[in-house]
Amino acid sequence: MSGFSEDMPFFDEPNARPAAAPSGIAARAMAARSGQNSAPDYLRGLNPEQRLAIETTEGPVLVLAGAGTGKTRVLTTRIAHILATGRAFPSQILAVTFTNKAAREMKQRIGHLIGEGNVEGMPWLGTFHSIGVKLLRRHAELAGLKSDFTILDTDDVVRLIKQLIQAEGLDDKRWPAKTFAQMLDNWKNKGLGPDEIAEGDARSFGNGKGRQLYKAYQERLQTLNSCDFGDLLYHPIRIFRAYPDVLKEYHRKFKYILVDEYQDTNTAQYMWLRLLAQRPQAGRSPSAEGRKPDRASAGQAAPAEASERSERAAVSETKVNICCVGDDDQSIYGWRGAEVDNILRFDKDFPGATIIRLERNYRSTAHILGAASHLIAHNEGRFGKTLFTDRDDPEDDKVHVHAAWDSEEEARAIGDAIEAYQRQKHNLNDMAILVRASFQMRAFEDRFITLGLNYRVIGGPRFYERLEIRDALAFFRVVANGGDDLAFERIVNVPKRGLGEATIRQIHDTARAMRIPMLEAAATLAESDELKPKPRAALREVAANFERWQKALETKPHTELAETILEESGYTDMWKNDRSAEAPGRLENLKELIRSMEEYESLRAFLEHVALVMEAEQGESQDAVSIMTLHSAKGLEFETVFLPGWEEGLFPHQRALDEGGRSGLEEERRLAYVGLTRAKKNLHIWFVSNRLIHGLWQSTIPSRFLDELPETHVDVADGGNSYGGYGNPYGGGAFASGRAGGRQNPYGASRFDNIGANDQGSFSNTYATPGWQRAQANRTEATDRNWGTRSGHQVERIGYGETDSGYGAGRTSVKGRTIEGELIAKSVADTPSAFNVGDRVFHQKFGNGNIAAIDGNKLTIDFDKAGQKRVLDGFVAPV
DNA sequence: CACAAGAAGCTTTTT
DNA sequence: GCTTCTTGTG
């Protein structure tokens, strides 16, 4: 049997026997079973549905777990239950999650349940990718790799593809490597190899060379002994298909399969699961009746190994004990290949599946739940769940909907609200701002910096993606694996050693010609006289360095070695001598990197961790408001949640509508649902009338999702309510009809069509709300922020490369106050506007003003009251 | 090789 | 409009 080496004890049950030393919960559970009839401890406090989900261990089970219904608890308890009742050994359980975070949490909780000491016999628990690696390391040679293959990240992949595109003689401008990397990813997410992709797809890139490039790419990966992320799923799938005996081993091994966030699985993951879960049954599909042991009749004799084990083990092998947990209403990753269909189709894929709904919500108030449920009910094509709660506290606030004039005021008002909560002794840690798109974050950061309010931004470029970290890792990678050409190329000339493009090309060519890694080629070249003295000396030093470090790899502790490498290469000095603002931070990050290495046994172990876990683990060190995208908020909860930017075009996002049509809209709605259900107690939704989009002020209309909220659970804040005293600068009248945010939204009319009377009665009647004087006041304050009130307050960026960058650069950007001459110079327009500079015009929201400059259909107007703005000519009328 | 001007993005993001 | 990457010039 191919791929299993002796030193990898595969069937490790005998050593991991839980019955031998049942500890913790297992012991208690067993005692409980034999003793009284009462349920074991770990089942206490669960509701009937949860218990059903846990105790229905046999056959396929789909648990539809709504937001806040105790999904993770069910998953972990289910595993504990399987173990406690002796249904399987830990090593016979496969549990898959999507994120490292989820895996970590599950591991922890299970450890807690079955007793921390039993780490030895832990289940196979991890992300699809980490389990993929585990599989692939065992069977690497079946995929043409060695078991110590390296995992490339996206950056490496793009650089590699670029080289291939150039090697093909294609213009890498016209055919961007990034685009192809994405295509590759899509193909692999669908489990398609170079020969399986659609002809059209293959032709659409690189003058019809798509397929050829794909092949060349895979070949290159093989010579580099590397994998990309897609391969971690794709290779195992192909191995399972091509080597049924290998697959069979895993069929025997895994008795119980659990999958978290099933709604997020893509096609490749689905295929992977199917292969593992569906046992060949000679044309018969396992049904509910299949619960009875009927293997014998399937004509598939129980393998000898199985008969050695207990009766029960043999029985359960015939069944598909797969349990998928998910929520179709929280599927928000369709755009990167997730197939909601996988979850909707579950009972067809696994006939006789038990479907269990968890609908009792333990998180939110009745108002929040009511609002969320009502909203999501607008989607078609869902299983349909109705969350409920027993909670009925008349003190609970309704969901608040607020209007603001523009994004700056939105940020200001939310900042005020946060401070108000703070005065009521709420922790900042319990509050979050969830945005649709990351550009929205800026306004909040700006505002919070002036306020001196602590915040933390979650998401964005991760720790390991930072420049200095990637450089350092490249050094380590070359030391650990001299054949890592991509890493070598990254740092040959770092810090600058006068090794230009020409020299590097030469190394490249030599390496190709002699079929040796670039590092070796460099060493060879350094000893030859093919180079000019300068680069030659430089190369010689590089080669000597790496030789020395590689030797030290065996002897020195890895953290010490890492430090030495960064010192001796001159990398630390490079940043020490750099007087830019980021340099100190980068040095700090390097220190952090070394520190984090301590937890790992070796440099290699650390590098593997880094490849798979592209996040820096950081604790919440201090009290701070969280700012993040709705996507990254999935799975989290907060006492108080702010959801800004509920406007058509932004949320739902225009591109989702354009590209995804109806299903795009439904995914946006699910995203809204995710947002709403993050809140435990207080929920504030905001929309603005004016937003700066791509540098242009655009009038916006309230999101259709606002109209989809039920009135009974929603409280629309009127102007005086939260702010008091700010009137409509344009004199109230028709616009300030006193019902700021009447709730009929005219989104049926054309987008941005809110000029004139049809604007009335929509949410966008925001004059009456926070007010224009504030906007005026903003302007002065916005200027102030340039010299920052930064002292004494801390900004924490989780996973951001640059710490507060660019705030000082606001000089020209204070509310579109651009230098006029520039705009006039640019105003050679392709679409001539019907206006002339100097014309007096009227704008629905900004009032009267004079045109200062024209750029195509974009006008720069000095408004009498609102100041200078750039607007599209369609929004103004001549006076 | 360094710096500056020019061009292309610009929704969400894990592994 | 802003930011980021690439290309061009000294």
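Numbered from 1 within each chain, the chains take letters A, B, ... in sequence-line order.
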Asker: Does A/G132 reach a base, just sugar-phosphate, or nothing at all? Heavy atoms under 4.0 Å.
Answerer: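 Touches nothing.
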Asker: Could you check whether A/G498 gets within reach of a base, just the sugar-phosphate, or nothing at all, counting any heavy atom under 4.0 Å?
Answerer: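 Here A/G498 touches the backbone only, sparing every base.
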Asker: Tell me: NZ of A/K173 to P of B/dA8, nearest whole Å?
Answerer: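 Distance check: A/K173 NZ to B/dA8 P gives 8 Å.
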Asker: Give the rounded distance in Å between these two atoms: NE2 of A/H609 and C1' of B/dT15.
Answerer: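 One finds 13 Å between C1' of B/dT15 and NE2 of A/H609, rounded.
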Asker: Aromatic ring centroids of A/F642 and A/W686 under 6.0 Å?
Answerer: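 Ring-ring flag for A/F642/A/W686: false, centres at least 6.0 Å apart.
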Asker: Closer than 4.0 angstrom, basic N to acidic O: yes or no for A/R447 and A/E408?
Answerer: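 Judged by the 4.0 Å cut-off on N to carboxylate O distance, A/R447 and A/E408 do not form a salt bridge.
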Asker: Salt-bridge test for A/K101 and A/E105: reply yes if a basic N is under 4.0 Å from a carboxylate O, no otherwise.
Answerer: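 A salt bridge is absent here (no side-chain N lies under 4.0 Å from a carboxylate O).
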Asker: Send over the distance from A/D185 CG to B/dT15 C1', rounded to a whole Å.
Answerer: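 Atom-to-atom, A/D185 to B/dT15, this comes out as 9 Å.
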Asker: Return the value, rounded to whole Å, for the distance between atom CZ of A/R174 and atom C1' of C/dT6.
Answerer: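 A/R174 atom CZ is separated from C/dT6 atom C1' by 19 Å.
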Asker: May I ask you to decide if the ring planes of A/W187 and A/F180 are parallel, tilted or perpendicular, using 30° and 60° as cut-offs?
Answerer: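 Because their plane-to-plane angle is over 60°, the rings of A/W187 and A/F180 count as perpendicular.
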Asker: Quick one: which of B/dT15, C/dC2, B/dT13 gets closest to the side chain of A/T629?
Answerer: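 Taking heavy atoms from C-beta onward, the closest nucleotide is B/dT13.
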Asker: Which whole-number value in Å describes the distance from A/H653 NE2 to B/dT13 P?
Answerer: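 After rounding, the reported distance stands at 12 Å.
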Asker: May I have the distance from A/D658 (atom CG) to B/dT11 (atom P), rounded to whole angstrom?
Answerer: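 So the CG-P distance, A/D658 to B/dT11, works out to 11 Å.
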Asker: Tell me: CG of A/L612 to P of B/dT15, nearest whole Å?
Answerer: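 A/L612 atom CG is separated from B/dT15 atom P by 9 Å.
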Asker: To the nearest Å, give me how far apart NZ (A/K178) and C1' (B/dG9) are.
Answerer: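 A/K178 atom NZ is separated from B/dG9 atom C1' by 8 Å.
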Asker: Compare the aromatic ring of A/Y333 with the six-membered base ring of B/dT12 and state whether they stack according to the 5.5 Å and 30° rule.
Answerer: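 Not stacked by the 5.5 Å and 30° rule.
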